[in-house]
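The block underneath contains the structure these notes are about, expressed in structure tokens.
Please read these numbers as outputs of a predicted model, since none were measured by experiment. Order of listing sets the numbers, starting from 1, for every ligand and every atom in it.
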Amino acid sequence: MTSSISTAGTGDTPGILTLDQINAAVTVQEVVAGFVPPPRFAHASFDTYRPDPGEPSQTAAVTQLRTYVADIAPEDKPRARFFGRWRRQSEPEGPKGMYLDGGYGVGKTHLLAASYHATSGLKAYLSFQELAYVIGAMGMAASVEAFKKYTLVCVDEFELDDVGNTMLAKTFITNVTQGDSHIITTSNTLPSDLGMGRFAAESFRREIGQIAAAFTVLRIEGVDYRHRNFQADASLQDLMTPEKLRAAFEAYHPANGAKLYATFADLTAHLARLHPISYQRLLDPLGGVFIEGLSPMEDQDIALRFVHLIDKLYDQGIHFAASATCELADIFKPEYRDKGYAKKYRRCLSRLGELLQEPG
Ligand SMILES: Nc1ncnc2c1ncn2[C@@H]1O[C@H](COP(=O)(O)OP(=O)(O)O)[C@@H](O)[C@H]1O
Ligand SMILES: [Mg+2]
């Protein structure tokens with residue numbers, strides 16, 4: 001089966017394209033211009049966050065973030081600026097940033113986007129991976145200069161995978177928070193545990209300590225919010241047979257954009273040819289993605305690329321349907337699921353479960 005994409009907007013019959021026909025090339029300027037919360041979180045607010053009554057840390061996190069955001073003095077308020085300066089001179093500098101730590105699905109990203117929306121002034125919202133990409137492309141000095149202009153920088157999914165991004169994160173965070181900028185970040189990992197199981201993080205205790213010192217940690221307890229609405233695990237019933245998948249694809253009319261049908265093998269081969277920063281661009285023209293034959297991934301790189309694609313697809317709110325040759329959970333090999341990236345894979349399975357159960 002060849003990959004195909006059909007474009008919408010031309011009457012009742014959507015046209016057909018292939019994976020290769022989407023130009024996924026993206027410039028740094030375009031990446032920077034896109035620093036806003038993704039569609040899934042475009043309307044996330046403190047008011048729409050429903051704290052679990054059984055988890056006091058959720059109510060506490062909302063209260064603390066509301067206060068934090070309200071205290072960020074907008075440039076255009078002289079009174080706030082005056083008191084901000086007074087406070088800066090008279091109080092010892094504590095941690096400047098906020099670090100939302102917790103399992104997947106407790107609403108960290110929701111609260112991050114809510115904080116973004118509640119802040120006036122210049123603000124940016126991006127993933128840690130996008131931040132690392134921009135620093136790589138623009139250089140550290142230029143990136144620090146650029147981000148120092150923001151009142152609030154929201155960084156989703158902070159994680160340290162290697163020595164390179166540990167050094168980069170340390171330099172960026174310590175420099176940017178020296179000015180007037182504030183940072184809120186989300187992570188599945190406590191600052192002190194960053195990097196564990198992924199690289200020789202013990203040798204970088206000092207740097208990791210410096211990163212941790214920049215943040216007040218808000219630990220958010222609770223279960224995956226999606227489980228309040230969706231079954232705990234997507235099972236085979238949410239996956240389709242290849243025949244059903246094809247029929248669903250034929251019948252699908254995306255509300256926005258085009259639809260794509262690809263085999264899992266074609267998809268993973270295509271992803272390997274692109275820089276992950278381009279995945280969003282690949283998805284931009286699409287309203288629905290149909291993948292035939294999800295199967296156990298033989299290689300950690302393939303698995304991590306797929307995780308990243310699903311993250312983007314989920315954030316963009318794109319319809320997703322799939323068939324598989326195995327149980328959904330088994331697309332990630334047990335030996336990967338239990339190691340340094342375990343949380344990533346579990347988060348991906350949770351998101352896939354939600355996506356597969358969402359009505360088109
Ligand atoms: N307490 C909550 N109230 C309302 N919506 C929530 C809550 N927690 C999570 N959600 C929603 O559940 C989904 C998953 O939450 P998300 O913020 O992505 O979790 P996390 O970033 O912690 O993995 C999102 O659609 C989010 O808006
Ligand atoms: Mg999140």
Side-chain angles (χ1 to χ4, degrees), residues 35-66 69 97-118 124-132 153-161 183-191 193-194 215 217-234 276 279-280 304 307-320 341-359:
F35 286 163
V36 296
R40 185 173 290 270
F41 296 97
H43 304 290
S45 72
F46 292 132
D47 290 335
T48 58
Y49 183 80
R50 293 170 37 223
D52 185 336
E55 299 288 356
S57 64
Q58 297 195 0
T59 311
V62 180
T63 308
Q64 277 187 268
L65 282 172
R66 276 188 193 273
V69 163
M98 282 288 186
Y99 192 104
L100 311 185
D101 167 65
Y104 52 89
V106 295
K108 300 180 301 296
T109 300
H110 184 116
L111 290 173
L112 184 72
S115 304
Y116 173 94
H117 294 308
Y125 179 108
L126 68 169
S127 67
F128 182 70
Q129 200 188 18
E130 284 162 343
L131 177 64
V153 183
C154 297
V155 182
D156 199 25
E157 284 173 20
F158 192 92
E159 48 196 338
L160 300 180
D161 289 334
I183 294 193
I184 309 177
T185 191
T186 72
S187 185
N188 290 139
T189 311
L190 272 173
D193 294 345
L194 285 165
F215 294 105
V217 176
L218 295 185
R219 166 85 196 160
I220 305 175
E221 307 285 349
V223 294
D224 192 338
Y225 182 81
R226 290 168 275 236
H227 293 186
R228 298 194 208 171
N229 298 312
F230 298 94
Q231 290 163 18
D233 290 298
Y279 291 8
Q280 176 152 352
L304 289 172
V307 167
H308 187 60
L309 180 80
I310 294 301
D311 283 346
K312 290 290 155 199
L313 192 145
Y314 177 82
D315 281 350
Q316 298 303 308
I318 293 170
H319 177 63
F320 180 76
Y341 296 99
K343 287 180 189 164
K344 259 190 168 183
Y345 294 132
R346 284 207 298 271
R347 185 186 72 213
C348 183
L349 289 172
S350 168
R351 287 180 174 176
L352 278 170
E354 180 174 350
L355 285 165
L356 289 169
Q357 291 174 52
E358 270 173 351

Any side-chain to backbone donor/acceptor pair from Gln58 onto Asp52? Under 3.5 Å, distance only. yes

Identify, by atom number and element, the atoms of ligand 1 in contact range of Tyr314, meaning under 4.0 Å from any of its heavy atoms. 13 (C), 14 (C), 24 (C), 25 (O)

Show which atoms of ligand 1 fall inside a sub-4.0 Å distance from at least one heavy-atom site of Gly103. 22 (O)

Any residue meeting side chain to side chain donor-acceptor pair (under 3.5 Å) with Gln316, in chain and number order, not counting sequence neighbours: none

Strictly distance-based, threshold 3.5 Å: is any side-chain N or O of Thr189 a donor or acceptor partner for the main-chain N or O of Leu194? no

Any salt bridge (charged side-chain N to carboxylate O under 4.0 Å, His left out) pairs touching residues 97-115, not counting sequence neighbours? Asp101-Arg219

Note: ligand 1 atoms sitting under 4.0 Å from heavy atoms of Thr48 are 3 (N), 4 (C)

For Arg351 and Tyr104, which I'm curious about, is there any donor-acceptor pair between the side chains at under 3.5 Å? no

Can you say whether the rings of Tyr125 and Tyr116 are parallel (under 30°), tilted (30 to 60°) or perpendicular (over 60°)? perpendicular

Check this for me: does any side-chain nitrogen of one of Asp311 and Lys344 sit under 4.0 Å from a carboxylate oxygen of the other? no

May I ask you to list the atoms of ligand 1 that are less than 4.0 angstrom from any heavy atom of Tyr104? 23 (O)

Can you list everything that forms a salt bridge (charged side-chain N to carboxylate O under 4.0 Å, His left out) with Glu130? Sequence neighbours excluded, please. Lys312

Count up the protein N, O or S atoms sitting under 2.8 Å from the Mg ion (ligand 2), would you? 1

